[in-house]
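For ligands, and for the atoms within them, numbers begin at 1 and follow the listed sequence.
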Amino acid sequence: MIKVLDSFVADKIAAGEVIERPVSAVKELVENSIDAGARTIIVEIRNGGKSYIRITDDGCGISFDEAETAFLRHATSKISSITDLDRIVSLGFRGEALASIAAVSRLTMVTRTADSPSGAKLVLHGGQVVSKERTGANKGTTVIAEDLFYNTPARRKFMKSDAREASSIIELIQQYAVFYSDIRFMMINNGQTLFSTAGDGDVSAVIKMLYPDIARRGLIPVSDGSVTGFVSDPGSTMNTRKGQLFFVNGRLVSSNVIEKGLVEGYQGRIFSGFPAAVLFIDTDPSTVDVNIHPGKREIRFLRQDEVRNAISEAVRRAVMTDAGIPKGFVKNIESSEPESLNNNRGTVFEQQESEQTSIRDFLSGLQRTDTAETAEAEVKTETEAAEIFEIAEVNTEDQYTAFSSVENAAAPAPFDFSDLAFKGYVFNTYIIMQGKDELYIFDQHAAHERVFYEKFMRGYDNSSHAPQPLLTAFTIEVSPDVYSMDRDWLDDLRRMGYDIEDFGERTFIIRGIPPYMETGEAAGFAAGYAEAAGETGGSNRTVIDKLIMRSCKSAVKANDKLSELEISELMEKLSRCDNPYSCPHGRPTFIRVTAYDIERSFRRK
Ligand code: ADP
Ligand code: MG
C-alpha cells in the first residue's frame, strides 16, 4: 500500500533536494527497483544521463490505481510511522525520489503488477501529469527520465561533463552489482552494453568482472557471522583505498572505523599500502545513522569499537590461514610475460581486464559519439535488453533477499608446518621447504624476529621470571642521552628477568638474564632495548610493545649461517607462534611459489 506520510513523520525526515546530478536519479531509481524485488535491472543512459536515463526492472510493479500516488511527495509504501525510521531495511524510505525526479525531467513510467493483465503508462513533465493510460507491458517497471533539469537551468550548470557523469553512474552500478550479486545488472551507455552480470549470487565472479584490480590481489574469503566478503593477501596491497568497498546493510559507505578494523585484522602484516577488500557488514539498522544526506557515503556507527573489533577479528581469521601467505614472484611473472603467452592464456580474467579497458575507452570517447552512431546502436541495445529480460523472467518467483551473502566459502585451515620437507638453504639466509604442490621460501631473519618477538612478549607479560644468574657478568654501553634519561627501561628489563644495574661511565652491568634467553640474545636485546627507549622516550605498555618489536632485530645475529639442526629448531619455533606469517614489522616470514607459477615461468603452462 502506498500512502502519504503524516506531516510529523514527513518533517522528521531531513528535507532537502534528493536529485543533484544524474547519478542521484539513477541511484534512487535503481534502489526502487531493488526494493521492488527485481531479479534483473537494466540501466541505460545517454550523455551521462543528462538527456536520457532508463531503468527497467522485473520487480513487483505498481498497480494502475496507485501509479499516480507514487509521484506524490512523501508517498511511500515502505514506512508509515516514526518508529519504523529506526529500523530501515529497504533502501528508499523518504518517499520523495520519484516526485523529485519527475519535477525536474520529462518522465515516463510504464509499470505492471503480476496480477494485472494490463499495465499503466504515465507521462509527467516537470512533475505535472500529462497523460495516463492503460498499456500492455512486461511485469515490472520502466522509468525513463529525459532532459534532466530542463526546467531548472541553474542546476544544469552544476553538472559535470558527460563522461564524468557517466562514469559516476557506471561506478555506482558496478557497486550495486557486487552487493546484489543475485540480481542481474546490465549497464548500457550511449547504446553500448558495458557489462552484464550473471545475477547468480557469485560475488567473486562479479568482482573479477568489474574490479580486476581487486581480484588480482587475491580474494581470501572472509566469512564470520555479520562480516563477510573478500580481502587481499597481506603482500598484495594497493597504493590507494580504491580497492576497498564496504557495504553496510547494503549501502556502499566510507568509514574510518571499518578501515581501521580492516588494517588491524592483518595484525601488522601490511608492510606498505592499503589492502584491497570487499566487505559486507550486516548490523542492526538501529545502530547505524542512515538518515544522512543521501549523496554522502560517510556512515556513523553508534558502537564503533564493536564494529571495528568484529571486522578486525573476521579479517584476522581470514588472513591467518594458508590463504594469507604472500605469493612469491607473481608480479615478475606477469610483467615479463611475452605477448603471445598473454594472448594464449585467454582466461576469464584476461577477458575481464579487456572489458574494463573498454569501459575506460568508452568514457574517454564518450564526447566524440555522435547521434547517428547512438541511433544505430540503440536498435542493438533494445534487442539485447529483451534477451536478457527473457532469461530473467524464469527467476521472477524467487524470494527477494535484502542481503546477498557470500557463497558458503569454507574457511581455509591455518597453515600446517608439519607437511613441509626441508629442501635447501641459500645465501645463508633463505630456507627452502617443499609442500605438496608448492615450495616455500623462509627468510631466516624475519622468522627469527617473529620467534623472538613472541617469546619476549610472553616473557614480559608473564613477569614472574627470576633472573638466571651468569657465571661471568657482562656490561652494555649506551649513548650519553640514553644514560642521562629516565630509567623506566631498566625496570622493564628487570621485569623481563634481567639482573641489571648502573655501572657508571654509560655502562650497565648484567649479572643475570631472563631464563628464556641465551646470553648472546640477551645482550643484543638489552642494548637494543635501551637504545630504542632512548629514541622513543619513556615506556608505557604500547611503547614497550614497540620497543620489544624493534629490539628483536638486535637479538638476531646478522648473516649467521644456520645448521640443519638449527633450521629445524627455527621451523619448530615458528610453527608454534601465534602469527607465524610475518615478522613484527610486517614483512613476510615466508612466501609461497606454486608449482604452477614455476611452470608458467618456464612457459610450460
Ligand atoms: P520511496 O522509495 O522512498 O518509497 P519513491 O518516491 O522512490 O519513494 O517511490 C515511491 C513509491 O513508489 C515506493 O514506495 C514504491 O511503492 C513505488 N515504486 C517506486 N519505484 C518502483 C518500482 N521500480 N517498482 C515498484 N514500485 C515502485
Ligand atoms: Mg525510492
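- Interface of Ala70 with ligand 1, defined as ligand atoms under 4.0 Å from a residue heavy atom, comprises 10 (C), 12 (O).
- Defined by atom type and a distance below 3.5 Å, a donor-acceptor pair is present between the side-chain atoms of Asp284 and Ser286.
- Of the heavy atoms in Leu98, both backbone and side-chain atoms come closer than 4.0 Å to ligand 1.
- On a distance-only criterion, Glu28 and ligand 1 share no N/O pair closer than 3.5 Å.
- A donor-acceptor contact under 3.5 angstrom links the side chains of Ser204 and Asp202, judged on distance only.
- The two residues Ala103 and Asn151 make their nearest non-hydrogen contact at O-ND2, 2.9 Å.
- Checked by distance only, ligand 1 and Asp35 stay at 3.5 Å or farther apart across all their nitrogen or oxygen atoms.
- Close contacts between ligand 1 and Ile62 involve ligand atoms 17 (C), 18 (N), 25 (C), 26 (N), 27 (C) [criterion: under 4.0 Å to a heavy atom].
- With respect to Asp162 and Lys50, a salt bridge is recorded, a charged nitrogen being found less than 4.0 Å from a carboxylate O.
- Closest non-hydrogen pair, Ile19 versus Ser100, comes out as CG1-CB, 3.7 Å.
- Relative to atom 21 (C) of ligand 1, the option among Thr142, Leu72, Asn32 with the closest non-hydrogen atom is Asn32.
- Between Phe185 and Tyr180, the ring-plane angle classifies as tilted under the 30° and 60° cut-offs.
- Residue-level proximity to ligand 1 for Glu96 is carried by the backbone, the only part with a heavy atom below 4.0 angstrom.
- Between Ala36 and ligand 1, not a single N/O pair is under 3.5 Å apart.
- When all heavy atoms are compared, the tightest approach of Gly48 to Ile169 is O-CD1, 3.5 Å.
- Not a single heavy atom of Gly59 sits less than 4.0 Å from an atom of ligand 1.
- Within the 4.0 Å heavy-atom criterion, the part of Asp57 lying near ligand 1 is the side chain and not the backbone.
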